[in-house]
Amino acid sequence: MTVNQVALSYLVASVFFILALKGLSSPVAARRGNLFGIVGMAMAVLVTLAITRSVSLIVLAIAAGGTVGAIVARRVHMTQMPELVAAMHSLVGLAAVLIAIAAVNNPAAFNIPVPLPRGNRMELFIGTFIGAITFSGSVIAFGKLSGKLSGAPVVFKSQHWLNLILAIVMIGFGLAFFFATPDSQWPPFIIMAAIAFLLGFLIIIPIGGADMPVVISMLNSYSGWAAAGIGFSLNNNMLIISGSLVGSSGAILSYIMCKAMNRSFFSVILGGFGAAEGTAAAGAQKRNVKSGSADDAAFLMSNAESVIIVPGYGLAVARAQHAVKEMAEKLHTKGVKVRYAIHPVAGRMPGHMNVLLAEAEVPYDQVFEMDDINNEFGTTDVVLILGANDVVNPAAKTPGSAIYGMPILEAYKARTILVNKRSMATGYAGLDNELFYMDKTMMVFGDAKKVIEDIVKAL
């Protein structure tokens, strides 16, 4: 292929990526968006194969990676998607670092002049340290999300000062690599990369479980910028465009997540909040709550005119989305208006609840975002909360609370509140929830799927 043909093919593939992002912005067009993304990636891979001199090696790598990916994708549960995404981000970051090492070692293989021009060195420096931070940070995020590491923040004295010093030293060695002679460029480059790996680890460990949705989208953004930085060094328009798309969309999503939690990006990075999931707040077990059975819940909902269902992580753990849809259909046949309320950070990653409901083929016109449905809670007969905690916690309205100012689903305004949880354990923020102790609240303890199936039988 000629240079112009390659550039045109990469441009067309990039257009497909843009169309994919546009499609994924709406549940109705999501499948079409995925199809556009597949077509764009297939085109990019085929063009790369057409211009490479190592087709057999690349095909072997694709076969190996594709096999592992297919096996993992078939085995992973929906509740494990967030840690899977974090793991994928780590691989993107590591790939950027390895490509940078190869480019520094043999620039001619990437059509880069020898010795390395300073412009290319700056691009490799940026791509390497962002990629290294993405890799180690994503590994820690994976550990926290999968439960292999505690979800509680890990903090120590002078932590931020240490991070600042390491960042300055990393930049210093990056500048040393920028100005180094060809014979002395390796030591500062390797030291810079090693410090970046350490910095990624130190940046993520103080972030608590409650901020993990923001961390995922932030690391997604980092992986995109790392790819874009390497793309400039390799003069590869495909990497530049696709990396920029991922980086910018991830940054926008991080902003949306922070806004939904009333958090600033820097407050997340400089000290997250949140205890390990499943811990009990002080005094939570000592207070009395009103509890009932699945039959009681079925009676209340079947005699209501309107019901709003608030899905949370407990629904995802129990894989109860199909049972919930069946329950909603039963209520519809009784003339009950049923809707679903989605908080932007419900679950463990952006869009987690939307994907669960889509998997159960819940009609899109029944699913509402927080801003669109919050005004409806005051006139709703029954709200059914399935495993959600922090996103419905009225403490967000109380000055001095750790989540004060965080926009929540205002379920506390409904006439009757049903809450399904396995226990009185707190959510990621580690806060007790006053909603559970209200006179109009009834707790229905048990696994979400079992409880919903019992409600369906009662209906």
> Partners of E369 by salt bridge (charged side-chain N to carboxylate O under 4.0 Å, His left out), sequence neighbours excluded?
Replying inline: none

> With no hydrogens and no angle check, is any side-chain donor or acceptor of T52 less than 3.5 Å from a backbone partner on L49?
Replying inline: no

> Do the side chain of S221 and the main chain of G250 share a donor and acceptor less than 3.5 angstrom apart?
Replying inline: no

> Charged N to carboxylate O below 4.0 Å: is that the case for E305 and K337?
Replying inline: no

> Considering only heavy atoms from C-beta outward, does the side chain of P311 approach that of Q321 to under 4.5 Å?
Replying inline: no

>> With a 6.0 Å cut-off (strictly less than), is the heavy-atom count around CZ of F299, excluding the residue itself, greater than 12?
In response: no

> Within a radius of less than 6.0 Å around CZ of R415, do more than 12 heavy atoms belonging to other residues, nucleotides or ligands occur?
Replying inline: yes

> Parallel, tilted or perpendicular: which describes the rings of F135 and F197, with under 30° parallel and over 60° perpendicular?
Replying inline: perpendicular

>> Under a 3.5 Å threshold, yes or no: a donor from one side chain and an acceptor from the other, between N288 and Y437?
In response: no

>> Among residues at least two apart in sequence or on other chains, which ones pass salt bridge (charged side-chain N to carboxylate O under 4.0 Å, His left out) with K397?
In response: E410

>> Could you work out, with side chain to side chain contact (heavy atoms under 4.5 Å, CB included) as the rule, every residue matching A411, not counting sequence neighbours?
In response: F377, V383, I385, V392

> Rounded to the nearest 0.5 Å, how far does CG of L239 lie from CD1 of I99?
Replying inline: 6.5 Å

> Is there a side-chain contact between N220 and S223 (heavy atoms, below 4.5 Å)?
Replying inline: yes

> Can any side-chain N or O of K144 pair as donor or acceptor with the backbone N or O of I207 at less than 3.5 Å?
Replying inline: yes

> R422 side chain to F445 main-chain N or O, any donor-acceptor pair under 3.5 Å?
Replying inline: no

> Thinking salt bridges, do E359 and R319 make one under a 4.0 Å N-O criterion?
Replying inline: yes

> Can you tell me if Y222 and S217 form a side-chain donor-acceptor pair at under 3.5 Å?
Replying inline: no

